[in-house]
A.B. asks: 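Here you go, one structure.
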Amino acid sequence: MKIRNLTDFASGLLYVIVGVCAAYIASGYTMGTAANMGTGFFPFWLGVFLAAIGVAVCASSVLSGAAREKLASWNWKSLLWVSVSILVFALLFEDAGMVLSIFALVLVSSLASREFRWTGAIANACFLNVVCYSAFVWLLNIPLRVWPDLWF
Amino acid sequence: MELLQHLATGLTAALTLQNLVYCFIGAFLGTLIGVLPGLGPVATIAMLLPATYTLPPTAALIMLAGIYYGAQYGGSTTAILINIPGESSSVVTAIDGYQMARQGRAGVALFTAGMGSFIAGCIGVLILASFAVPLAEIAFEFGPTEYASLMILGLVGATVLSSGSLLKAMGMVIIGLLLGLVGTDVNGAPRYSFGIQELSDGIGFVAVAMGVFGVAEIIGNLEKDELRGTFVAKVTNMWPTREDTRRMIPAILRGTAVGAFFGILPGAGAAVASFSSYAMEKKISRHSEEFGHGAIEGVAGPESANNAAAQTAFIPLLTLGIPASATMAMMLGAMTIHDIQPGPQVMVSDPALFWGLIVSMWFGNLILIILNLPLIGIWVKLLTVPYRVLYPAILVFCSIGVYTVSNSAFDIYLVCLFGVVGYMFSKLKCEPAPLLLGFILGPLMEENFRRALLLSDGNFSVFLTRPISLVLLVITGILLLSILLPAFRKTREKAFVEV
């Protein structure tokens with residue numbers, strides 16, 4: 001047996017894993033009966049169904065008629081910087097306020113680009129601060145912390 | 001004329017200066033964000049939702065409708081000017097639209113797209129208005145059994161009519177349904193919340209949409225060397241020649257008919273509509289050799305089709321309360337945030353809101369064409385902004401926007417998580433649209449299943465013995481079987497690959 005379509009095989013595998021986990025966790029909830037569905041009834045069967053689809057997707061990826069396909073390569077650099085920038089923003093936002101978090105988000109996420117330049121990123125952050133302040137605080141009147149507490 | 005009376009109700013509700021201004025702002029912002037490459041209508045609506053929070057429901061809905069049309073139109077603008085379609089339904093517009101632009105006819109292409117959308121939109125609104133009442137009357141007969149079957153039809157339809165693998169799309173629907181169940185169930189028991197306080201209220205749909213359609217998209221775009229076409233077309237003359245007009249008008253009308261039909265069907269209505277319209281225009285045109293080299297019908301037809309479909313896609317949402325596409329699922333989510341549960345009861349309980357929304361869709365279309373003819377210069381400028389400047393801005397707006405939904409930083413973490421998950425899905429070639437649809441429908445579907453089975457005492461045959469439910473399931477079965485037919489399969493693959 002040879003896996004011809006690796007992309008499909010990996011997706012099928014993912015479906016099986018997610019499905020089995022979902023069904024397993026759901027089996028720990030009150031199941032009830034069809035007439036009186038408990039907490040776990042619907043998700044349990046969804047999980048089983050998902051796992052079954054996963055098996056079918058895996059199976060079709062080894063069939064002789066399946067298109068040959070390798071796994072696509074990942075762009076780890078962009079993935080890393082973009083996700084880290086959002087995490088940093090989430091960490092900072094409520095305590096350090098909007099201005100600093102926007103600086104952090106823009107500077108870190110800009111690292112993901114091949115054309116990164118400090119001056120450009122800083123200018124962009126300043127500009128976005130102005131836009132966000134006018135849009136969210138001034139126009140929409142949404143109560144957001146703008147600066148950290150200890151400064152003002 | 002009952003229809004006229006309804007439209008009059010809508011006119012009085014929508015035609016206040018305040019609402020017109022909101023419709024205008026919505027259309028403006030929608031186009032502004034929709035024009036940005038790599039942001040489709042789903043991400044655009046998610047990003048602009050905060051702008052509607054503080055408004056009263058009618059005004060908020062009207063603004064949302066404006067945003068929706070703006071986002072749709074923005075997608076075709078980028079398709080024509082820089083050959084980057086903002087969403088799947090403007091993929092075909094890019095083929096001939098961009099060629100027209102290269103021949104120095106960008107203005108004419110944009111005008112054609114705008115005019116086609118406007119005419120299609122007007123006809124679409126009329127169809128929507130005339131279908132609303134009879135369909136809502138049927139919907140009043142619906143019990144939980146029928147609703148459960150209807151949702152199965154909707155979800156299966158969404159997978160059958162989407163591109164790519166049927167099985168994989170179904171898997172995505174179920175993952176979406178499961179995600180939708182996270183939180184607390186009807187009995188108050190926690191489910192998949194892993195003891196995390198914030199998860200017990202469920203996952204916010206804005207976070208999912210922004211992550212999967214916004215952040216994942218950005219990460220994917222960053223790995224392409226040159227996102228922007230090197231050639232940004234100059235817009236000079238917008239007015240079509242007499243010959244253009246003569247060729248454009250029948251194409252617009254045909255496109256509208258095709259689009260109105262496909263829009264009502266569940267699934268990727270607008271995309272399928274524009275593909276079919278393009279194929280049809282190419283087949284019946286006397287200038288078929290021009291297609292792919294700047295044929296005006298190739299812009300007029302698909303653009304009208306996708307806008308007519310965008311209009312009629314509201315029919316299942318507004319009359320039955322069931323979204324038929326990911327974008328409609330976003331509209332449903334947005335309405336729920338404003339405490340409006342779309343469905344037949346809205347028409348009765350709040351006719352001003354219902355008809356006001358429908359009439360304002362027409363305004364939205366009108367404003368778009370008025371807005372875009374003079375403002376096209378701004379959109380062109382926007383397209384020259386390099387991506388390294390744009391994507392941090394999108395990230396900032398997404399992060400702050402999602403925070404304002406429920407004032408919780410937890411949602412920002414979720415955006416990040418779903419961004420990574422969405423990127424993984426795109427690498428595995430699993431489509432995200434069925435996931436969002438499933439996610440929004442998850443709790444609704446469980447609730448209707450639960451009630452249907454409670455009433456039938458656990459007897460599954462109830463889905464087959466009640467006539468409406470049976471019909472819906474038979475249609476579902478036919479859809480599923482049709483995929484096995486070699487002829488249908490071929491056209492389905494061809495429709496997405498060939499053009």
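Sequence lines set the chain letters: A, B, ... in the order given, protein chains first and strands last, and positions in each chain run from 1. Nothing here was measured: the structure is a model prediction, and the numbers come from that model.
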A.B. asks: So what's closer than 4.5 Å to chain A heavy atoms on B:Leu181: side chain, backbone, both or neither?
C.D. replies: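 When you check distances to chain A, only side chain atoms of B:Leu181 fall under 4.5 Å.
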A.B. asks: Select, from B:Val215, B:Val415, B:Ile412, B:Val173, the one with the greatest count of heavy-atom pairs under 4.5 Å involving chain A.
C.D. replies: B:Ile412
A.B. asks: Can a donor-acceptor pair be found, under 3.5 Å and without considering hydrogens, that links the side chain of B:Lys427 to the backbone of A:Ser73?
C.D. replies: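 Such a contact is found between B:Lys427 side chain and A:Ser73 backbone.
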A.B. asks: Non-hydrogen atoms of chain B under 4.5 Å away: do they reach the side chain of A:Val131, the backbone, both or neither?
C.D. replies: side chain
A.B. asks: Relative to chain A, which of B:Ser399, B:Ala189, B:Cys430 shows the most heavy atom pairs under 4.5 Å?
C.D. replies: B:Ser399
A.B. asks: Under 3.5 Å, side chain of B:Asn459 to main-chain N/O of B:Val462, donor-acceptor pair present?
C.D. replies: no
A.B. asks: Which one wins on heavy-atom pair count under 4.5 Å against chain A: B:Ala409, B:Gly171, B:Pro50?
C.D. replies: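 It is B:Gly171.
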A.B. asks: Under a 4.5 Å heavy-atom cutoff, which of A:Val106, A:Leu91, A:Leu50 has the most pairs with chain B?
C.D. replies: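 Result: the option with the highest number of such pairs is A:Leu50.
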A.B. asks: Ignoring hydrogens and angles, tell me if any N or O in the side chain of B:Ser193 forms a donor-acceptor pair with the backbone of B:Pro190 under 3.5 Å.
C.D. replies: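 Flag not set: sc B:Ser193 to bb B:Pro190 has no pair under 3.5 Å.
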A.B. asks: Need one label for A:Ala135: side chain, backbone, both or neither, based on atoms under 4.5 Å from any heavy atom in chain B.
C.D. replies: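 Contact with chain B involves no heavy atom of A:Ala135 at all.
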A.B. asks: Between A:Leu107 and chain B, which part of the residue has a heavy atom less than 4.5 Å away: side chain, backbone, both or neither?
C.D. replies: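 When you check distances to chain B, no heavy atom of A:Leu107 falls under 4.5 Å.
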A.B. asks: Under a 4.5 Å heavy-atom cut-off, does chain B meet the side chain of A:Leu6, its backbone, both or neither?
C.D. replies: neither
A.B. asks: Check each atom of B:Phe410 against the heavy atoms of chain A and say whether the ones under 4.5 Å are side chain, backbone, both or neither.
C.D. replies: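 The answer is neither part of B:Phe410.
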A.B. asks: For chain B, find which of A:Ala72, A:Ala10, A:Ala22, A:Gly54 contributes the most heavy-atom pairs closer than 4.5 angstrom.
C.D. replies: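 Greatest number of close heavy-atom pairs with chain B: A:Ala22.
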A.B. asks: Go through A:Leu87, A:Val18, A:Val108 and name the one with the most non-hydrogen pairs under 4.5 angstrom from chain B.
C.D. replies: A:Leu87
A.B. asks: In terms of heavy-atom pairs under 4.5 Å, which option from A:Val84, A:Val82, A:Leu144, A:Thr30 contacts chain B the most?
C.D. replies: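 When all of A:Val84, A:Val82, A:Leu144, A:Thr30 are compared, A:Val82 has the most.
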A.B. asks: Chain B heavy atoms under 4.5 Å from A:Ser85: which part of the residue, side chain, backbone, both or neither?
C.D. replies: side chain
A.B. asks: Can any side-chain N or O of A:Asn36 pair as donor or acceptor with the backbone N or O of A:Gly32 at less than 3.5 Å?
C.D. replies: no
A.B. asks: Which region of B:Thr54, side chain (C-beta onward) or backbone (N, CA, C, O), has a non-hydrogen atom less than 4.5 Å from a non-hydrogen atom of chain A, or is it both or neither?
C.D. replies: side chain
A.B. asks: Does this structure show an ion pair linking A:Glu69 with B:Lys429, if we count only N-O contacts that are shorter than 4.0 Å?
C.D. replies: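 Result for this pair is yes, salt bridge flagged.
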A.B. asks: Determine the option with the most heavy-atom pairs under 4.5 angstrom with chain A, choosing from B:Leu395, B:Leu455, B:Asn407.
C.D. replies: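 Most heavy-atom pairs under 4.5 Å with chain A: B:Leu395.
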A.B. asks: For chain A, which candidate among B:Asp457, B:Leu178, B:Val420 shows the most heavy-atom pairs at distances under 4.5 Å?
C.D. replies: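 Of the options given, most contacts go to B:Leu178.
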A.B. asks: Going by heavy atoms in the side chains, are B:Leu177 and B:Leu155 under 4.5 Å from each other?
C.D. replies: yes
A.B. asks: Under a 4.5 Å heavy-atom cutoff, which of A:Ile102, A:Leu79, A:Leu71, A:Thr33 has the most pairs with chain B?
C.D. replies: A:Leu79
A.B. asks: Below 4.0 angstrom, N of the basic side chain to O of the carboxylate: do B:Glu446 and B:Arg191 qualify?
C.D. replies: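 The answer is yes: the pair qualifies as a salt bridge.
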A.B. asks: Would you say the ring centroid of A:Trp138 lies under 6.0 angstrom from that of A:Phe136?
C.D. replies: no
A.B. asks: Measure the acute angle between the ring planes of B:Tyr423 and A:Trp74, then classify it against the limits of 30° and 60° as parallel, tilted or perpendicular.
C.D. replies: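 Perpendicular, since the angle between the ring planes exceeds 60°.
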A.B. asks: In terms of ring plane angle, is the pair B:Phe449 and A:Phe42 parallel, tilted or perpendicular, where the classes change at 30° and 60°?
C.D. replies: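 Tilted.
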A.B. asks: Hey, is the main chain of A:Ala52 close enough, under 3.5 Å, to the side chain of A:Tyr15 for a donor-acceptor pair?
C.D. replies: no
A.B. asks: Need one label for A:Ser110: side chain, backbone, both or neither, based on atoms under 4.5 Å from any heavy atom in chain B.
C.D. replies: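 Contact with chain B: backbone and side chain both.
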A.B. asks: To the nearest 0.5 angstrom, please state how far the CZ atom of A:Phe103 sits from the CG atom of A:Leu128.
C.D. replies: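 Result: 9.5 Å between the selected atoms.
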A.B. asks: For B:Phe194, is it the side chain, the backbone, both or neither that has a heavy atom under 4.5 Å from a heavy atom of chain A?
C.D. replies: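 When you check distances to chain A, only side chain atoms of B:Phe194 fall under 4.5 Å.
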A.B. asks: What part of A:Leu105 gets within 4.5 angstrom of chain B, counting heavy atoms only: side chain, backbone, both, or neither?
C.D. replies: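 For A:Leu105, the side chain is the part near chain B, not the backbone.
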A.B. asks: So how far is it from A:Leu63 CG to A:Cys58 SG, rounded to the nearest 0.5 Å?
C.D. replies: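 So the gap between those two atoms works out to 11.5 Å.
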